[in-house]
Amino acid sequence: MANLTLATQVTEQIDTICQQSPIMPVITINDISEALPLATALLDGGISILEITLRTQTGLDAINVIRKALPEAIVGAGTVTNPTMLNAVADAGAQFAISPGLTQELLLAGIDSTIPLLPGIATPSELMQGRQLGYQRFKFFPAAAAGGIPALKALAGPFNDVQFCPTGGINADNASKYLALPNVMCVGGSWVVPSDAVRNKDWQRITELCKLSIQTLKQS
Ligand SMILES: O=C(O)C(=O)C[C@H](O)[C@H](O)COP(=O)(O)O
């Protein structure tokens, strides 16, 4: 029962974070000098939650640097696939963690962690593993490849207490259709952070993309 209480806290914390922005930008930092200008560009564009992936060695440092310099940002870590990584991102200052999938080990570590975990699922069985431990908020990954909007509509039937952050294949054209679903709390993706814009240090373009995406979501 103690686990369920803690898992309820995870749900509440994830809800509070996701209420800050309908878009969860998925960020990959190759060079630490990109971290602050990129995070600032997103904040200027109206997006205050960030998923910094651990796909690169720079991920952990980037989390640390952004947390120290930009207190208005809510900094999360992505690609957290095991308890060791979860501990490392919490130590680096991450305020939440996201995983593309789940394991029993990671789910248990997420319940004990000082930061909330948003585990990833692509199937009902994975969702049921998480739900058994009290999790009610999941990343739906890879969203488009795993069935997209029809899959989310189908999951709403048996799992009507669950909310998702679909990620993978979301873009400016389909984000509002995902967000219109009652079981979608926010959408994740890299479309507001194009790799060529980062490479060219075109921070203005990133800010404009964020503003445009938010504007489009508000209008629909
Ligand atoms: O790196 C991770 O931890 C992931 O879970 C994968 C990312 O969230 C998706 O690859 C983003 O998908 P796109 O928006 O289609 O680029």
Side-chain angles (χ1 to χ4, degrees), residues 14 17-18 21-30 34-35 38 41-42 45 47 49-63 66 74-90 92 94-103 105-107 109-110 113 115-123 126-127 130 135 137-149 151-152 163-179 184-199 205-206 209-210 212-214 216-217:
I14 290 290
I17 291 163
C18 292
S21 165
I23 300 170
M24 174 78 71
V26 177
I27 301 163
T28 302
I29 307 261
N30 289 297
E34 294 162 354
L38 178 50
L42 289 160
I47 295 182
I49 56 176
L50 316 174
E51 177 184 344
I52 314 278
T53 66
L54 296 191
R55 290 186 191 194
T56 59
Q57 296 289 335
T58 324
L60 270 185
D61 280 348
I63 291 166
I66 296 169
I74 304 170
V75 185
T79 336
V80 174
T81 57
N82 59 50
T84 308
M85 289 166 99
L86 182 59
N87 289 336
V89 300
Q95 290 153 289
F96 63 99
I98 306 188
S99 178
L102 56 78
T103 65
E105 250 193 322
L106 180 63
L107 290 169
S113 176
I115 59 171
L117 171 72
L118 186 68
I121 65 110
T123 66
E126 291 158 357
L127 192 159
Y135 285 85
R137 303 293 180 258
F138 298 93
K139 174 172 182 159
F140 178 53
F141 177 79
I149 289 172
L152 285 160
Q163 293 279 314
F164 299 95
C165 173
T167 309
I170 315 285
N171 53 47
D173 295 330
N174 62 17
S176 57
K177 294 193 184 77
Y178 277 93
L179 272 168
V184 169
M185 55 183 175
C186 62
V187 290
S190 61
W191 86 93
V192 288
V193 197
S195 50
D196 61 324
V198 178
R199 214 172 26 249
R205 181 171 155 221
I206 289 170
L209 271 174
C210 295
L212 196 71
S213 291
I214 290 172
T216 312
L217 294 180

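Values below: all heavy atoms of this structure, side chains included; hydrogens, waters and symmetry mates excluded. We count ligands from 1, going down the list as the structure has it; atoms in each ligand are counted the same way.
- Here the CG-OG1 distance, from Leu54 to Thr81, works out to 8.0 Å after rounding to the nearest 0.5 Å.
- Listed by chain and number, the residues in a side chain to side chain contact (heavy atoms under 4.5 Å, CB included) with Ala151 are Phe140 (sequence neighbours excluded).
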Could you go through ligand 1 and list every pair where one of its N or O atoms sits under 3.5 Å from a protein N or O, giving the atom names and the distance to one decimal?
| residue | atom | partner | partner atom | Å |
| --- | --- | --- | --- | --- |
| ligand 1 | 1 (O) | Arg55 | NE | 2.7 |
| ligand 1 | 1 (O) | Arg55 | NH2 | 3.0 |
| ligand 1 | 1 (O) | Thr79 | OG1 | 3.2 |
| ligand 1 | 3 (O) | Thr79 | N | 3.1 |
| ligand 1 | 3 (O) | Thr79 | OG1 | 2.8 |
| ligand 1 | 5 (O) | Lys139 | NZ | 2.8 |
| ligand 1 | 8 (O) | Lys139 | NZ | 2.9 |
| ligand 1 | 10 (O) | Arg55 | NH2 | 2.9 |
| ligand 1 | 14 (O) | Ser190 | N | 2.9 |
| ligand 1 | 14 (O) | Ser190 | OG | 3.3 |
| ligand 1 | 15 (O) | Gly169 | N | 2.8 |
| ligand 1 | 16 (O) | Ser190 | OG | 2.6 |

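- Applying the side chain to side chain contact (heavy atoms under 4.5 Å, CB included) criterion to Cys210, with sequence neighbours excluded, gives Leu42, Ile47, Val192, Ile206.
- Within the structure, salt bridge (Lys or Arg N to Asp or Glu O under 4.0 Å) contacts touching residues 187-196 (residues at least two apart or in different chains) are Asp196-Arg205.
- The shortest distance between side-chain heavy atoms of Lys139 and Glu51 falls below 4.5 Å.
- For Asn174 (side chain) and Lys177 (main-chain N/O), no donor-acceptor pair under 3.5 Å exists by modelled atom type.
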